[in-house]
Asks: 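Take this structure, written in structure tokens, and hold onto it; I'll ask about it next.
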Amino acid sequence: MARTLVVLTGAGISADSGLATFRGDGGLWEGRRVEDVATPEAWRADPDSVWRFYQLRRAALTTVEPNAAHHALAALEQRLNDAGLGYRLITQNVDDLHDRAGSTALHMHGELALLRCEICSGRVRDLRSLDAAAHVACEGCGHPRMRPDIVWFGETPYGLRDIQRALSRCTHFAALGTSGNVYPAAGFLAAVRADGAKTWVNSLEAPENLARGDTFLPGRAVDVVPALCEDLFEEMTRPAR
Ligand code: OAD
């Protein structure tokens, strides 16, 4: 089977750029109920609070830069593409740091930079309207309140068909900076492991879904991922026995 690497990233990969993760001390969900900010019900019940939460996160994007882990993954993608080998980056992250580093990322949980109209489904890429108190009207149909194009709890992630296709071809898999709490993404590691893929995991502490057979590399992504990308390139290009 042709070698294909699938990389799944989570909030930990952007932590070294200064963006908060979700779980744990200082995480975005600490002291907050996800039901109050990250569900369609919350948006319907209190759009001003939900909007304020996401406007602060959208504004934070304008203050951060991709780090060494984002750059290493972008360089790995280029090298694997040049070598004619399969590569797919799937991210749960709603920030744009992979994109800014030059990767082609499938944003399965949506993107902070995009706004979506619930009436006409129009989308706009906008990181200029950052006033936490001012909603953004849809230029297409005039609806006064576009929502962040984020996949909230209870909604279906984006790109599941593409993801399924990539996972079914995957011979090498790396889960980087994700706690393995949120499905379906948390299930990818076990699925590819069961199909015989070689698996690598990086995060600060062992994630929920780590199992025997995974190569676990604890530590900060900026310290671990650049060297891991070198190892993955070697693995992918090593002559078959
Ligand atoms: P979490 O906050 O659940 O987990 C972050 C992971 O990153 C943990 O395993 C940490 O150990 C690890 N980590 C923290 N700092 C790190 C660093 N500097 N280097 C490497 N790893 C580090 O974030 P996710 O797993 O991404 O969904 O969360 C998954 C989803 O849950 C998110 O996409 C979001 C959230 O609710 C939605 O908003 C829909």
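Remember, it's 1-based here, ligands and their atoms both numbered in the order they're listed.
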Asks: Holding to side chain to side chain donor-acceptor pair (under 3.5 Å), I want the full list of residues that pass it with Glu230, two or more places apart in sequence or in another chain.
Replies: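 Side chain to side chain donor-acceptor pair (under 3.5 Å) list for Glu230, sorted by chain: Arg79.
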
Asks: For the residue pair Cys170 and Val6, what are the closest heavy atoms and their distance?
Replies: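 Shortest heavy-atom separation between Cys170 and Val6 comes out as CB-CG2, 3.7 Å.
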
Asks: Enumerate the protein residues lying less than 4.0 Å from ligand 1, judged by heavy-atom distances, in chain and residue-number order.
Replies: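 Answer by chain and number: Gly10, Ala11, Gly12, Ala15, Asp16, Thr21, Phe22, Arg23, Trp29, Gln92, His109, Val151, Phe153, Gly177, Thr178, Ser179, Val182, Asn202, Ser203, Leu204, Glu205, Gly219, Arg220, Ala221.
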
Asks: Is it possible for you to say whether Val34 and Tyr54 belong to one hydrophobic cluster, with membership spreading through side-chain heavy-atom contacts below 4.5 Å?
Replies: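 Val34 clusters together with Tyr54.
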
Asks: Quick one: ring pair (Phe, Tyr, Trp, His ring centres under 6.0 Å) pairs with a partner in residues 87-107, sequence neighbours left out?
Replies: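 The answer is His70-His98.
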
Asks: Only counting residues at least two apart or in another chain, list the ones meeting side chain to side chain contact (heavy atoms under 4.5 Å, CB included) with Ala221.
Replies: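 Here the qualifying residues are Ile13, Asp16, Ala69, Asn202, Val225.
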
Asks: So, does Ser103 use its side chain to make a donor-acceptor pair with the main chain of Ala105 at under 3.5 Å?
Replies: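 Side chain of Ser103 to backbone of Ala105, a donor-acceptor pair under 3.5 Å: no, none is there.
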
